[in-house]
Amino acid sequence: MKKKDERKELEMKCINEYEHWRNLYRYGGQDPLYEDGINLDLTRNHIISYKRDMEKLDYFPEIYNKELPPEIDSKYMARADEIRAHAKKSFEIYKADENYQFLVKHRNDISSNDARDIRLTNVINYVDGLLMFILSDDLVGMRRHERPQKYQESFIKCREKLEKLLTEEKPDEPEKLGQLSIFDFI
C-alpha cells in the first residue's frame, strides 16, 4: 500500500473509533458479556494505537490533535435506567406468555432425557435468569433481554417440541423431570 493511502486509511480508522466511542458512551453497546466501560476503554486504546501509528508515519492530521476520550469506569453502562425498565417489562411479558406458561405447566410431564433434548430447562431458565439479573442489578444480563421477541420465539419452538413429545405414545413411563423453577418459591 502506498504511504499516502496508508495515512488516509489510518486517519479514517481513528475518526471512526472516535465516533464509535461517542456512540458507545451515549447509547451503549450490545456486548452480551461486558459492560460498556470495558468496551469504551478498548476503543480508547484503539485511538491511542492509531495515533502512535500516525507518529511513526510522521503524519499529523486534524484528528491526531483531538483530545483523547476520558477513561471511564469499567462498570459504566449507558442507558442504565432504560435497561432496567426494559428488563422489568420483558419479565412481565415472559410471565404472561402462553407458550412459556405451557412449558412451566408441563415441564414435569416428560423424561429428563427428553427435556434435555428439547432444552426445556434452558428455555424456562431464560425467565428465571432474567429475574436473577433484575434482583442483582446485572445490567449486562438485563440488556440481553431488551428485545423479548427472540426469547418468546424460543418459547414457541420449545412448546412445539414439547407438544410433540406429549402426544407420542410411550411404551413405558419414563423418569419424570423433577427440577424446580424459581417460580416454585415465589
Side-chain angles (χ1 to χ4, degrees), residues 16 20-21 23-43 46 72-186:
N16 289 338
H20 178 66
W21 191 97
N23 287 332
L24 190 57
Y25 184 78
R26 282 187 184 169
Y27 308 114
Q30 296 299 313
D31 193 311
L33 301 175
Y34 296 104
E35 290 85 359
D36 294 331
I38 300 259
N39 289 303
L40 284 163
D41 189 44
L42 179 63
T43 303
H46 290 167
I72 301 294
D73 183 295
S74 64
K75 296 294 183 189
Y76 170 79
M77 288 288 287
R79 307 179 308 101
D81 291 337
E82 186 180 330
I83 290 169
R84 288 182 187 102
H86 287 158
K88 289 174 184 172
K89 176 93 171 139
S90 292
F91 183 71
E92 293 304 319
I93 289 169
Y94 296 160
K95 286 192 329 185
D97 186 284
E98 68 182 39
N99 297 301
Y100 170 74
Q101 291 173 0
F102 181 88
L103 297 175
V104 171
K105 180 179 178 183
H106 295 285
R107 68 178 173 222
N108 295 323
D109 295 345
I110 60 173
S111 73
S112 56
N113 286 340
D114 285 342
R116 184 184 63 246
D117 290 346
I118 67 168
R119 311 251 187 271
L120 177 61
T121 303
N122 294 8
V123 173
I124 289 172
N125 282 343
Y126 293 152
V127 180
D128 297 347
L130 176 55
L131 179 59
M132 296 310 297
F133 296 146
I134 292 168
L135 294 175
S136 64
D137 199 37
D138 180 341
L139 291 166
V140 175
M142 285 188 268
R143 179 171 62 190
R144 292 194 295 261
H145 291 269
E146 281 196 286
R147 292 174 191 88
Q149 299 81 2
K150 78 175 185 177
Y151 292 97
Q152 289 180 288
E153 289 172 15
S154 297
F155 301 157
I156 292 168
K157 290 176 184 174
C158 192
R159 179 181 180 160
E160 290 168 355
K161 293 174 185 175
L162 179 57
E163 285 178 330
K164 184 177 179 188
L165 287 170
L166 291 172
T167 59
E168 290 178 356
E169 293 206 17
K170 306 254 177 168
D172 295 321
E173 186 65 25
E175 171 194 344
K176 298 293 182 184
L177 179 66
Q179 295 182 345
L180 299 175
S181 164
I182 198 163
F183 290 112
D184 294 324
F185 302 99
I186 296 177

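At a threshold of 4.5 Å between non-hydrogen side-chain atoms, the residues Met77 and Val140 count as touching. Contact check for Tyr151 versus Arg144: side-chain heavy atoms found under the 4.5 Å cut-off. You'll find the side chain of Asp128 reaches within 4.5 Å of the side chain of Asn125, heavy atoms only.
Looking at residues two or more places apart in sequence or on another chain, you find a ring pair (Phe, Tyr, Trp, His ring centres under 6.0 Å) between Phe102 and His106. Arg116 is linked by a side-chain hydrogen bond (donor to acceptor under 3.5 Å, both in side chains) to Asn113, counting only residues two or more places apart in sequence or in another chain.
Rounding to the nearest 0.5 Å places CG of Asn23 at 10.5 Å from CG of Leu40. In this structure, the separation between OH on Tyr126 and OG1 on Thr121 is 11.5 Å, given to the nearest 0.5 Å. Rounding to the nearest 0.5 Å places CG of Leu130 at 11.0 Å from NZ of Lys88. Between Glu163 atom CD and Ile118 atom CD1 the span is 10.5 Å, to the nearest 0.5 Å. Atom NZ of residue Lys150 and atom NE2 of residue His145 lie 7.5 Å apart, to the nearest 0.5 angstrom. To the nearest 0.5 Å, atoms CG (Asn16) and OG1 (Thr43) are separated by 11.5 Å.
Within the structure, every pair that satisfies the salt bridge (charged side-chain N to carboxylate O under 4.0 Å, His left out) test and touches residues 23-35, not counting sequence neighbours, is listed here: Glu35-Lys75.
At a threshold of 4.0 Å, the pair Asp97-Arg159 does not count as salt-bridged, since none of the basic side-chain nitrogens sits closer than that to a carboxylate oxygen. A salt bridge links Lys95 with Glu92: the closest approach of a Lys/Arg side-chain nitrogen to an acidic carboxylate oxygen falls below 4.0 angstrom. Salt-bridge check for Arg84 with Asp137: passed, with a basic side-chain N closer than 4.0 Å to an acidic carboxylate O.
Considering every non-hydrogen atom in both Tyr34 and Arg143, the closest pair reads O-NH2, 3.1 Å.
Aromatic ring centres of Tyr94 and Phe155: separated by under 6.0 Å. Two rings, from Tyr25 and Tyr76, have their centers less than 6.0 Å apart.
Checking side-chain atoms of Arg107 against main-chain N and O of Ala115 turns up no donor-acceptor pair under 3.5 Å. Not one N or O on the side chain of Glu146 forms a donor-acceptor pair closer than 3.5 Å with the backbone of Ala87.
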